Structures are given as C-alpha cells and as structure tokens.
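Heads up, the thing below is written out as structure tokens.
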Amino acid sequence: GNGDKQLSLEVGDAVYIQEVCEGKGVFPASFVHLREVIIEKRGNEEVVISAEMPLVKEMTTTLREWGIRLVKNKTSLFKLVFLYCIFLHALCLLLSCTSPFTCCTFLFSVLLLDQVVRDENGNIMDPERASVISLFRAHEEATAKINERIKEEQSNIQTDHSGISARIQSSPTHSLYVFVRNFVCRIGEDSELFMSLYDPIKQAIISENYLVRWGSKGFPKEIDMLNNLKVVFTDLGNKDLSREKIFLICQIVRVGRMDLKETNSKKCTQGLRRPFGVAVMDISDIIKGKTECDEEKQFFIPFFPVVAENDFLHTLLNKATALRGDSGGQGLWVTMKALVGDIVQIRKEYPHLVDRSTVVARKLGFPEIIMPGDVRNDIYITLQGGDFDKYNKTTQKNVEVIMWVCDEEGKNSICLGAGDKTVSEYRSVIYYQVKQPRWMETFKVAVPLEEMCKVHLRFMFRHRSSQESKDKSEKNFAMAFVRLMKDDGTVLQDGLHDLVVFKGDSKRMEDVHSYLSLPSTRHHHSDPHKVAVLSRSSSSVSGGGGLSVSSRDSFSISSLVCSTKLTQNVGLLGLLKWRTRPELLRDNLEKLKIIDGEEVVKFLQDTLDALFNIMMEHSQTDDYDILVFDALIYIIGLIADRKFQHFNTVLEAYIKQHFSATLAYKKLMSVLKRYLDVSSRGEQCEPILRTLKALEYIFKFIDIVVSLLGIINRTVITMGREHALISKVVACMTAILSQMDDRHYATYIETFTGTTDLVDFLMESFLLFKDLIGKHVYSSDWMAMIMVQNRVFLRAINTYADTMNQKFLNNNDFEVQLWNNYFHLAVAFITQESLQLQHFSPTKRNKILAKYGDMRRLIGFAIRDMWYKLGSHKICFIPGMVGPILEMTLIPEEELRRATIPIFFDMITCEHAHSGNFHKFENEIILKLDHEVEGGGGDERYILLDCAAEKPTLRPQVQHFVSLVKGLLTRLLDYRTVMSDDSRNNRMSCTVNLLNFYKDINREGMYIRYLYKLRDLHLEGENYTEAAYTLLLHSRLLKWSDEMCSPQFEFHGSQTQRQLKETLYDTIIDYFDKGKMWEEAITLCKELAEQYENEIFDYELLSKRLEKQAKFYENIMKILRPKPDYFAVGYYGQGYPPFLRNKVFIHRGKEYERREDFQNQLMSQFPSAVRLNTTTIPGDDIRNSPLQYIQCFTVQPVLEIPPRLKNKPVPDQIINFYKSNYVQRFHYSRPVRKGPVDPNNEFASMWIERTTFTTVYKLPGILRWFETTLSPLENAIETMESTNEKILTMINQYQADWSLPINPLSMLLNGIVDPAVMGGFAKYEKAFFTEEYTQQHPEDRDKLLRLKDLIAWQIPLLGGGIKLHGKRVTDDLRPFHDRMEECFKQLKKKVEKEYGVRELPDLDERKSTRPRSMLRSIRQSIISISSLQGSECGTPTKPYADRYSSIFTCADK
C-alpha cells in the first residue's frame, strides 16, 4: 500500500515480532518462519542479531545484496542467467571446498563485492580489535588467494602447461595416499617390499621407503596388517609436482637362502637379503590431478624380476620405468588418491582414508613450506657402492654391509622404512660374487639430539657364504666409520662421502678406541693438517690401534640431514656462539645473508636472541648496528617468503613473549632513520627496499615512536604511487597514527621548536593525506582497510585542525596556504568515493554506518566551524574555496547540506562588504557548478537556501542569484541525464539549451565551451553543415582586429582575434564544403577576400581564396544536390523530459532519407513510445498521459526567394537551393470534402486543409531540427478549436449511443456555460480584443477574426449539446439542467451580440448511425468565412504565423 502505516518487505527480510495473536494479526502464520536471535544491549538500544551460522548469514546477505544490484542495474535476462550460473558454480566450489572461507572470499570477488577478511579461524576480522598491520596483511593474503583461485577458474579446472591441476597447484603441500591390497608373486620365501616415490629423469628416490614385510605364504608377516597396509607420502610441494615424471616404485628384497635353486635348505645360510625384483607404475597424472582417482579403484603395478647378479635393484628400476613388458600377472594391487594438504590437514579432511594407524612416509628433505611445530632430527643414509678386492679368494666376495649407530657404548637405533620397527643394526642386500656392488639403499638414523656429539656410524664388511657351515666361520674383513657431528659443532654435510676402508683384526675393528682418532673420509685422510695421518712408507695408520688403510678397497655413502635442531653451517653456528669467537663476529654477521633460509628459520628464536644480545652488549658503540639491522631485515624477509610464511606466528610470539632487549629500539630507530633520510633525499639506498618490506616488524620491535612520523611521511611522498611497496609503507604510517593518542600528538607537536617547521609538517601532512585519499594505494574492494585508514586520517586531520586554531589563526600568525591546504584536504576527504553511502547497497551502507558512522557529517561540520572561525580572513578564500565548498554541498546528504550551504551566503556577504558586489563568487559558482554536475554531483533535491533575510539590502540580488542557479542546475541535470543516452539528438538539444542559457546570462567562456561540445556531436554524426553553423556563432564573437584574444577565446596557434577568426573561417568553409552549402561558403570567402584585399593586403592569400570561391560557384552549377525532406515530429505525453514534452519540432532529413527510415530511427530512440498514425493535434488525454507518444509526418518547406533574386531570370540550379534551405515555414496539407459530392467530378467538392508550422530559427542551422513557435493568440485559437472539437465529438457519441451515462456530458457543458467561466473566452477578450493589441499587432488581424469566429460557433454547439442533455436528463437532475439552460441563455445573448449568430442543422434530423458524416458536416459548417480564401491567401506571410493554422483552400479544379 501507499499509506503511512505500512512495512515494505521482500522475501527473506527479517522482522522482529513482538506479539503473537490468536485471531487476526499482521502476518499470516504460514508466511512466517521463526528464527533464533540474540538480543544485545548497546547503550539504550536493543540490537537483534540472527543466531544462525556466521557463514550462512554472510552468504544470505551477499545473495540479497547481489540481487538488489542486478535489479538496480536493469541487468538483461541473458546476463542475469549467466551471472547466476557463475554464482552456482562458485557456490558448488564453496560447498565442496576444503577451505570454505577461502572459497567464500573468492565468491565475493566473483560477485564484485567488497573483500571480507578473516582470521586464521575463519572469523571476520573486526577492525576495532585487529591492528592496522594485521588487517593489511589479511587483505594481502585474501587478494593473493583470490588471484590464485581466479587463475584456477580461468583454467576451467584444466591442466596448465606443466600438466598440474590448478586446484592442486593452488595448495603449497600435497600428499599421496596408497593402500596395498595384495602382492602376487611366486617367491617361496619371506620378502621385504620397499615402496617409495621415484623421479626417473633424475634417477632419484624422493621419499622415505614404506616397508611391508611379506610372508612366504602370500600374506603380510603380521596378519593384523592384512587389509590395513596404508601409507601416505607427504610433504610434497609444487616443485615435486612439476617434475616431468613421478613413479610409484616397489623394490622387492627376498630374505632367505643365497640361491633359491638350492634344494637342501637345511645346509644353506638363512636370513640373507637378496635382490628379487622391482614393480613400477607411472603415477604422474594421478599425483598432478589430471586423473581423478576413486579410492576404491584398484591399480595393478607389474613386477620385473632380477635376471642376473649384476642387476642391481636401482639399475633394474631405470630399465623397468622404460619397459612395458609382460609381468605374467605378478605384481602389486593398490588403490591410491592424490590429497591436497599436509598430514594435519588430510587427517581432518579425509578421516575415512587417513587415520592414526596410517603410516606416514615423509619426503627426503624439508617440504617447500616448513611449519613451525615440525620438529625433526632425521638423518638419511644411503649406501652408494663399493669396490672390494678378492684377496686370497678364488672368486669375488659376496659382500654384506652391516651398519651400527654407535656411541661409546656402541648402541642405538636404525629405521629401515616407514611403518617398520627400529632395529639395532642394518644389513645390506648381498650381490653374489660382484666386485663393485651398487646398493643405493636408503634408511633413516634416529638419534636423540643430546647424543649427536657422541654418535658415529660404523660399517662392517663381511663375506657371506651360501653354506651355513662356512658362513659361520667368516669374520668381518674391513670396516669404515663416519662421525655425525664435526669438531666445529656442525652436523655431517649433505652429499657423497668417500669413506676410508680400514683392515685389521676383527676384534680391533669393533673397538671404538682403535679408530675414532683416525680420519674417516678420504678427504680428511688426505688433509695434511690432520693429526692422524698415513705413514709414507706403509699403509698402516699412525695412531691407528693396529688398523691399516685398505688401499685396494673403497666404500661410499651419501647423507641427507633433515633437522630443525642441527645446522651444517659454520657461519650460523659461529653467530649463535658469537661470544666464543668475537673476532669473527663481523664476518659471521655479513655471512648470515648468504646462509640457506631453511637453516636460519630452524634457529629463528636463537638467532634473534643472538642479534639483540650483540646490539645490547655493544650499546656504547654503533660498530655492529647496521650489520645487525640488515640481518634482522634479512630474517624478516625470509619469513615473508612463501616457503616460511607460517613462521610469522613464531616471529609474532617471539616479539610478544621473548623479546626483552627494550633498549634496542634506539639503535633500530637510528639505522631506520638513516636509511629513510637517505631515501627521502632521493639518493641511492640499496637496503631501503628490503627495509620497507620488513617495516611492519621493525615497528613492532621499536614500538610506537612518533618521531619517525615525519620521515615516514617524506618516504611516502618520495616513493610515488606506482612503487611496489607503497601500500606497505602507507599501512605502517596508518598503524603509527592509529596508536597515537592525544598525549602522543601533543608531545609530537611540541617537538617542533620553530613555527616554520611545524607549518611545513602540517602542510606536508595535509598534502600527503589529500593525495592518499584521492588515489588509494589499496584495491577498491579493500573496504575495511580503506575505512580504517579514513577513520585514522580523520582523527589526525581534526587534531591538526585544533593545532591550527591554537597557533595559526591570529592576524600575526595566520598562514593562508596552511588553511587553504586544510580546506582542500577536508573537502577531498568528504567527497571521496569510498564515503559516498548513496552509491552503496542498503546492506553495505548499514554496515558502514554501524561500524564507522557517517564520517562525511563529522568533517563537514568541522569545515563549517573552521570557516566561521576565520573572521576577517574569509576574503582570502573567495573565490578559491567556492568550488570545493560547492562540491561538498552537492553530496546528497540533507543534514550536511543544511549545515554547509549557508557558507555560500556568508561568502556573498563577505565579498559584498569587501567589494560592493559578489561577482567573483557568482562567476566561480556558475563555472564550478557546470563542472561538478557534469562530473556526477548534484540532484533535483539540491536547494540553495535563502539566508539573506537578515540583510534586506542584499535580498533582491540574492534572490536573483538563487533563481539563476536553479535554472542552470535544471539544465545541467537534463544535460547530464541525456549524455549517457543513445540519442545524439537529445544530447544536442540539451547542449543547445545550455549554451543559450550561458549566452543569456553573458557567460561567454561557458557559451563557447558548449558550442564546441555541440560541434563535436555534429561531427560524430557527419552533420557538417550544422557543425559549420555552430562554429559560426563563435566567429561572430570575434572582430577583425589585432587585439589579443581574451582567455576564453584561446585557440591553438592563434593569438589575436583576427588570427583566430581567420582560422575559424577556414574550418567553417571546409565544413560548408562537405555539407554542399557552397552559398554560405562563398559568403565567408568574400568576407575573407575583403580582409586580404583591403586590410592586410595579402594578395597571395587573396588569389587562393578567390580560386576556392570560384570552385564553389562551379559546384553550384554543375553538381546535383538532392533536396532533403522535412519531417514534423511531435512528442506528446508526460513521459518525455521537459525539453521535449508536448512540443513539435521540424527535422531536416539527410540526403535520400525516406520518412519510414527516419521514423524507425526515431522510434529506436524511444522504444517504449506509441506511434500516432494521425496528423491531427492530439487531445489532452494524450498530452497528460504518463506515457510517450510520437507523431511523425512529412511537411513541405515554403520557398522564400531572396530579394536579390526576385523578378529576375535565375537558373534552376540556383533557385532550387532556396526551396529547401533558409526555410522557416512549412506546410502540411490534407484533402477534406465540403458540401454534396458530385458523382461525376469528385474534385468539385474537394477542399484542402493546410497546417502551417513556423520554426524558431531557419533551417539548416546549429541543429537539424527546431521547435515550432506558438504565440499567445495562436494558443488561444488552438484551445478554442480543441474545445469546440470536444463538444462536437461528445454530441456525436451521445447521438450514436443512448446507453452512455449522462455525467460526462453534464460536466463538459456546465464547465463551459458556468458564469464564472463564461465559455472560457473571457480571458481572451481582455488579452486580444483591445484597441491596444490591434495597434501593436496589425499582422494578427486574420487570427483575431478566426478567434471571434470560433467563439461564435461555440454557441450553436453548446445549444445542441444542452438540447440533447435535456432529452437524456433524469428527474433528479432536472433542477441542475434548468440552471445550466438559464446560464446558456445569458451566454448566448452576449456572444451573438458581440460576434454574430451561427446556426447548425437540426441534430434530430441526423441519423445516429452516421456519426462520422454528421461530425464532418458540422465541422464544415463551423468553418469561418474568413478562412475560405484562395489557395495561397490563407498562408501566413510573417515568420511568426500560425503554428497550427487549420484552413481550407480550394483544390485546383
């Protein structure tokens, strides 16, 4: 409804129901869905909040806001469906997403809404509680995730160039789930299955082994593991997925006899580990996400056996990955699935696959992203190979390597593979009689951290016999060892180690004291500085305890340390223990920047402690300050790296809980100021980029140090908006300001000892704020960040404004430029796009108001207060501040307008008191209003309040000014509305309205501005003639003189009025030439020729001009110029804008343009308009309709021969031009019948009704159309014609249909004969039927007669209507009829006395079945004799003749 007591609701809106009624209530119960709510008290208000899930609530709000936006923007059905499909797709992603909040952020991006940032738990971050920096970082991370997701969506879930699914690639960590279903292989003995991931290109295993011990009977050795052999290979990164190929491999080791062919197993040595074969499968497509895997789908991995003894398992792997042979059905059956995330994630998200019993096989090495809580101390040892001499044996040895992890007591643990128990020793695979075995077997050594310094690895080499009896007698024939930690405290380096092989007594080789002092590797063995060295004369080792080096044997291993507690870097260890070798401190600090990031983050807290201790223990000197600062920057930069990003929390925790070097801020600040100073001077400062990236954490170490504020300001100014780090620096600056309270501000202001420094700082701050507000460094959808910045800036601005009031308002201290900067900043703040609530959806608007309030009001009121404090200084800001204040008042916020518009009238008063007028103010506001409205400011509700009541002397001038501004604003709003319209004609019309307005108020600059806008519109449509006439108006403002042009006449390349006018004439002549208006071009050529010949005497230019002029004459005579048609177009109905509504225009068509084409083009501009197919004038029902109606028909131009051509023999080529140019009157003629029809000659009774239109200007002109004119007298004639037509039509209707109700006829007749109306023509008598009017308008004699005739004819029409009314009236209306009849008698007596008697035929004699005939004959009867003149006599001879002169002329007979 439309009443006051109503609720405007949409589906989904929430209503707080306070009462439920049993009977009749406001809402039907079936339409109401009750929801749980939470009622919070906020002051005296109760706030009702839905209790549903935050994510659901957020999605609901988003959908509603999106729907409102689509409806508001009138989105097409196709686009609506398309966007809905996008939404559904995004919603599906959300529902299936493992991180719904990330998907939700992405969804908001798809729907073009603001970013909603969340904390690590998925809760929306509250700007009130979150720090500025954390809010900024959240926006950065959200943007990065959105960009990643957009990339993924753009790839349409297809693989990119590397073959990796975009969804998988978007995650930093990946895993592979494998379930061993069965192992089918004819072995006959126990076996060990070592499963791992393998890169065949690099021929390297990339994961730990998963060990499955398989029994000889075809089942797992531990029967409990049946159907539970599950493993997850974790820690894989995107680099791993980018490998060209990845295989799942299984190395199969048989455990039993030396040779399977041996039949007497009792005599055979048992428990030997022998190579049996491999199984391989290419899983590249699975692990990269190209192939979707159902965890129930089983894959078969074929088996490839060892054929010869020198078929090392790793060699067989290389062959098998390239082969596609038949495995005879032997192999592994597995199911597998690629999982996204690390082990913690996948246990949460895939609990049906991965539980606590699932074995975890980690990557060999650290993952791409290291998690802070990931504590590891794993050392992977790979037996590479060896070369062993047979010595006294006849055949090569069957070498077995046995490894122990030994401390001084010789005990510890070894793990052969994930899922297996630790063992005390490791025994290698045995290759039968191979001199150079290549094992390539990897196992893990698990050593407690505290024992690392004591532990070493010992390798024993033993020949193994196939016969048990012989094997028992075999002893270890050699040994090797290696320490896990070096003397300098670093752990064993990763890579290949060529160990020294020692020989000696078996017991001696087991004694740790006999070899620990010896060099363990050949590198150390050849080191001359080692204490224990080989003697030159023999292979015995000095100090070797009876051991000697075996020069004919060699053995190598490789190691890989994955430890978060041990380092392999001497420099890092030296830094951590800097006090032991202080002379190396500078060197170690410099080396820190080249240490691998993995090593540094492992010891993050220890490294930070060391750096701050160095700084504190050297507090009296700055020797190490820069080095320590740079080291801190390097570490913080590491944390920003994607690989170590999760160490942010570790760093934050360190700052909050462990950082204790409270005096370090002085030294940090000193270095930071030094860097910023160098950078702000524009000098090269290489560390500044890294410093700015790390500024957030540097500030956290420094805490709030407001003395940095000026330096930060200058850094932002120097840096420029395009710098990659600008947003980080601005966020840091905002963070400083946000944490400053009144005390901080006061303290900082007091640090400025001189007035000049303080003024410089304030001006610098104002300019900086204005720049940052005008061009945000953040993305426009970072609404929370932008609003927080605005709130912080607003507080700073108001605080600085208080300082200005206190220190710079008095006459002696007044700083004009400072106050000017303040006002411009404040207006820029209030007008910034991010605060214009009227452009936002209701949801977004309410959120902003609830969280931040309307900051525009706050600073608007501050501007008002500051203005009124200026006192006598106000004149300094007129007219400079007129534009900014205007821009502020145009914001559609009523309270703000009421508070600030009075400033204008204060300016008027101020300037008038100073200068005696307010011309500067008026000129400026007209100029600025034009620019502001064109830019989108202002609306129909903008009203300039008349505040001059207290100044009676100014009141007339102010009222005139207000009226002027209202008129201009109306035209500007019309202009702005149509500028986005497809109709170029509408744009031209509004442009002409504006330029005429500016001409009328004598604003030449603005007038010229819109002339050129109109010219450009004409050129777009190739209307060269109209473009020429438009520029001609500019040229007429110029004189043929050498005076300098005024500023508004400035033209490129011209300085004097003569030069500009000549340039314009050249352009205009060119346009006239293109439009084939050579007559006009000749006129201008003659004017130029006069100047060249008689003023500047430039005969060369004269000759060129005359040549061009001659060409135009030739064109007139030789080139055919098609005559354009002219069309009358009427725009009827209230649906049109005011400049078109109920007006008629004459349009000049283009060459060969047909009426049908013109009409179709016209209708396309107004697709909702109804086309009128008649040419008669529409009645009031159409004129007052809310719809749009268009009437279009062809009219004929009336030739007006120029006086110089009259009565002369003029060639047709010349006279034809004037038949369709320089025309202002147009005819439309239609045939009508009068009198009885002669059946032998129909033309004898044919008359022509001719309507004449007169335009306000001749055509062609500055437009291709002009409005038709209508004088007051013509309007009176048209109104009387319309009234008489209405009476006649109604009489005809009631004659034809006696069932019609009598009321409409009663109202029509009574409204005319009522004495108060007197037929409606009493006003015409006073206006036109006077001696004074007749003398002033002698040309209107015929029109006056026409009006009198129409008045006279109204009497018989009224008489006929009243007679008909008397026959139809009921008894209860008889008194009303009698009174009406009495009034008519008085009216008839008066009219017949003044204007004569007219008579109609007796209506009763007319048959009601012939309404059209009767209507026509009566119409013919009321035609005045004065109109019945010759065929041309009735044609008006004056330019302002009838707009609609309906006259009859005889047809030629």
Side-chain angles (χ1 to χ4, degrees), residues 1132 1170-1185 1187 1189 1191 1230-1237 1239 1242 1245-1247 1249 1278-1314 1317 1319-1320 1349-1374 1376-1381 1383-1384 1387-1388 1398-1424 1444 1446 1448:
Y1132 298 105
V1170 178
R1171 185 168 64 192
L1172 297 175
N1173 294 321
T1174 64
T1175 58
T1176 55
I1177 307 165
D1180 291 343
D1181 56 334
I1182 287 181
R1183 289 170 175 266
N1184 297 327
S1185 168
L1187 304 178
Y1189 295 88
Q1191 188 180 59
R1230 63 173 185 158
V1232 296
R1233 301 287 179 183
K1234 185 176 184 300
V1237 178
E1242 62 180 27
S1245 59
M1246 181 180 291
W1247 291 73
E1249 182 187 70
E1278 182 179 320
T1279 303
M1280 285 303 298
E1281 285 177 340
S1282 177
T1283 304
N1284 289 357
E1285 181 82 11
K1286 191 179 294 182
I1287 299 170
L1288 191 57
T1289 301
M1290 193 164 285
I1291 290 173
N1292 187 60
Q1293 290 174 346
Y1294 279 87
Q1295 280 283 72
D1297 187 357
W1298 285 78
S1299 64
L1300 292 173
I1302 196 68
N1303 288 358
L1305 181 61
S1306 302
M1307 293 173 65
L1308 174 66
L1309 296 175
N1310 188 63
I1312 297 174
V1313 303
D1314 189 283
V1317 179
D1349 193 41
L1350 289 168
I1351 293 172
W1353 273 109
Q1354 195 175 77
I1355 296 303
L1357 288 172
L1358 287 171
I1362 289 173
K1363 185 177 180 181
L1364 185 63
H1365 188 270
K1367 293 179 179 180
R1368 300 281 303 277
V1369 73
T1370 58
D1371 290 342
D1372 57 335
L1373 288 177
R1374 180 59 62 182
F1376 168 77
H1377 175 79
D1378 293 342
R1379 181 182 178 280
M1380 186 168 61
E1381 198 164 16
C1383 293
F1384 172 67
L1387 179 64
K1388 179 179 179 182
R1398 305 288 189 274
E1399 291 184 0
L1400 286 177
D1402 189 355
L1403 296 179
D1404 288 338
E1405 298 174 1
R1406 298 286 174 181
K1407 295 182 179 179
S1408 61
T1409 56
R1410 299 287 302 279
R1412 292 182 183 273
S1413 302
M1414 185 181 75
L1415 180 63
R1416 183 178 299 143
S1417 24
I1418 293 176
R1419 277 208 188 100
Q1420 293 166 356
S1421 301
I1422 64 175
I1423 299 301
S1424 172
Y1444 294 116
S1446 293
F1448 289 105

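We're numbering straight along the sequence, starting at 1. Please read all numbers here as calculations on a predicted model, not as lab measurements. Values reported hereafter were calculated over all heavy atoms of this structure, with side chains retained and with hydrogens, waters and symmetry mates removed.
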How close do Y1294 and P1301 get, counting heavy atoms only, and between which atoms? OH-O, 2.5 Å

Would M1380 and F1384 satisfy side chain to side chain contact (heavy atoms under 4.5 Å, CB included), going step by step from the backbone distance to the final call? CA-CA 6 Å; M1380 186 168 61; F1384 172 67; 5.9 Å; no

Taking atom CZ of R1374 and atom CD of E1381, what is their separation to the nearest 0.5 Å? 8.5 Å

Within this structure, what is the CD1-CG distance for the pair I1362 and L1357, rounded to the nearest 0.5 Å? 11.0 Å

Euclidean distance, K1388 NZ relative to I1355 CD1, rounded to 0.5 Å: 8.0 Å

Is the shortest heavy-atom distance from the side chain of F1376 to the side chain of S1306 under 4.5 Å? yes

Can any side-chain N or O of T1283 pair as donor or acceptor with the backbone N or O of T1279 at less than 3.5 Å? yes

Looking only at heavy atoms, the pair that brings L1358 and I1287 closest together is CD2-CD1, 3.9 Å

Give a yes or no on whether the backbone of T1176 and the side-chain of R1230 come within a donor-acceptor separation of less than 3.5 Å. no

Can you tell me if N1284 uses its side chain to pair, donor with acceptor, with the backbone of L1350 under 3.5 Å? yes

CE/M1290 to CG/L1300 distance, rounded to the nearest 0.5 angstrom? 9.0 Å

Gap separating the CG atom of N1310 from the CG atom of L1305, nearest 0.5 angstrom: 10.5 Å

For the residue pair L1387 and I1312, what are the closest heavy atoms and their distance? CD2-O, 4.4 Å

Has Y1132 got a side-chain atom pairing as donor or acceptor with N1184's backbone, closer than 3.5 angstrom? no

About how many Å separate CD1 of I1302 and CG of L1309, when rounded to the nearest 0.5 Å? 8.5 Å

Whether E1399 side chain and P1356 backbone form a donor-acceptor pair below 3.5 Å: no

List the steps and the verdict of side chain to side chain contact (heavy atoms under 4.5 Å, CB included) for R1183 and I1177. CA-CA 10 Å; R1183 289 170 175 266; I1177 307 165; 3.6 Å; yes

